[in-house]
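A quick write-up on the structure given underneath.
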There are 2 protein chains.
Amino acid sequence: MKIGEASELSDLPAKTIRYYEDIGLVQSDRLDNGYRDYSKQQIHKLRFIQRSRSLGFTVEQCRTLLSLYDDPDRSSADVRALAENHLEEIEQKIQELAAMRDTLSQLIKSCQGDHRPDCPILNDLAGSK
Amino acid sequence: MKIGEASELSDLPAKTIRYYEDIGLVQSDRLDNGYRDYSKQQIHKLRFIQRSRSLGFTVEQCRTLLSLYDDPDRSSADVRALAENHLEEIEQKIQELAAMRDTLSQLIKSCQGDHRPDCPILNDLAGSK
DNA sequence: ACCTAGCCTTCCACAAACAGGAAGGTTATG
DNA sequence: CATAACCTTCCTGTTTGTGGAAGGCTAGGT
């Protein structure tokens, strides 16, 4: 199976698949003409990565997850620890964004948004109390 | 005032201030020895940028905000539109992260996290239903 | 036989927003 | 006069890809 089909099946752009190969995340076989050739196994890995990335894991975390997946002697505690770590980061990010959201919506509410230059948003950014 | 003090007053690393100058966001005067020299006005701008960045505006948005701030003929509607735009992006990001969080915490909950290799997290990533 | 379309290849450049570090100049102080 | 604490410029690396150039392979149509 060539990269175009692998792309559709894995829901990853061909360019991204080549990139993942570049950084050693997934290998590929080659046809006689030099085209990349993917087995079902490799498509499976690509989908695994796609799913992991969609949950926000970094590429390096995906690398670790893949190696855990490939290791029959893994302990689920390791996987869980990785996931918990990631979850905490996500939750922290949400907190930060929520704080921004709250401040911003306050500011927006207080701004008339008309043709006049007077603007509480700019006043706030400028540090005027 | 030299960059060290400007850094403390603006709560921006000196390195970042130099970077902002590089990309034309804030200028600086120079002393005879070549050191950067900042006026109160310029510190004020740096703080404006710091505050804007802390609310998640991109550097380019900061550039626009600064130019609006400097323009006495601006209309507050323009500022407000920019802020609303940004707010929507933040809210969308929060939605995405919340979805990740929900999925992840479900998966974590379902995983024993012990010495055994059996792991629902990996199973999910692998696409097994 | 030739042309075109649609695949595929490699390689290079760019994105955002800085951080780290090298190599070296300046200034105040002990 | 040496040292510390500033400051300077310049180069590299980070993360995760995307866009494009230049060119090879293959099938189908005329």
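Residue numbers start from 1 in every chain, and the chains themselves are labelled A, B, ... in the order their sequence lines are given, proteins ahead of strands.
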*asked:* Could you tell me how far apart A:Ile3 (CD1) and D:dC25 (C1') are, to the nearest whole angstrom?
replied: 16 Å

_Between A:Arg51 and B:Asp124 (salt bridge meaning N to carboxylate O under 4.0 Å), is one present in this structure?_
yes

*Can you tell me if CZ on A:Arg47 sees more than 12 non-hydrogen neighbours from other groups inside 6.0 Å?*
no

*Side-chain donor-acceptor pair under 3.5 Å between B:His44 and B:Tyr69, yes or no?*
yes

*asked:* Could you tell me how far apart B:Ile17 (CD1) and D:dT9 (P) are, to the nearest whole angstrom?
replied: 13 Å

What protein N or O atoms touch nucleotides 18-22 of chain D N or O atoms at under 3.5 angstrom, if any, and at what distances?
from   : atom 1 : to      : atom 2 : distance (Å)
D:dT18 : OP2    : A:Thr16 : OG1    : 2.5
D:dG19 : N7     : A:Lys15 : NZ     : 2.8
D:dG19 : O6     : A:Lys15 : NZ     : 3.3
D:dG20 : N7     : A:Lys15 : NZ     : 3.1
D:dG20 : O6     : A:Lys15 : NZ     : 2.4

*asked:* Just the rounded figure in Å: distance from C1' of C:dC18 to OH of B:Tyr20.
replied: 8 Å

*Would a hydrophobic clustering, with Ile, Leu, Val, Met, Phe, Trp and Tyr connected at side-chain separations under 4.5 Å, put A:Leu9 with A:Tyr19?*
yes

*Verify, without hydrogens or angle tests, whether B:Gln92 (side chain) and B:Glu89 (backbone) share a donor-acceptor contact under 3.5 angstrom.*
no

*Please determine if A:Glu96 and A:Lys93 form a salt bridge, counting it only when a charged side-chain N lies under 4.0 Å from a carboxylate O.*
no

*With the threshold set at 4.0 Å, does a side-chain nitrogen-carboxylate oxygen contact exist between B:Asp73 and A:Arg116?*
no

*For the pair B:Lys45 and B:Asp70, find out whether any cationic side-chain nitrogen is under 4.0 Å from an anionic carboxylate oxygen.*
yes

*Just checking, is any N or O donor in the side chain of A:Ser28 or A:Glu21 under 3.5 Å from an acceptor N or O on the other one?*
yes

*Could you identify which residues of residues 22-38 of chain B place a heavy atom less than 4.0 Å from some atom of DNA chain C, listed by residue number, or say none?*
B:Asn33, B:Tyr35

*Give a yes-or-no answer on whether the side chains of B:Gln42 and B:Ser39 include a donor-acceptor pair shorter than 3.5 Å.*
yes

_Under 3.5 Å, is there a donor on one side chain and an acceptor on the other for B:Asp114 and A:Ser75?_
no

*For DNA chain C, determine which residues of residues 46-62 of chain A have any heavy atom closer than 4.0 angstrom to one of its atoms, and list them numerically.*
none

*Check the distance between D:dC11's C1' and B:Arg18's CZ and give it to me in whole angstrom.*
15 Å

*Rounded to whole angstrom units, what separation is found between the CZ atom of A:Arg63 and the P atom of D:dT16?*
10 Å

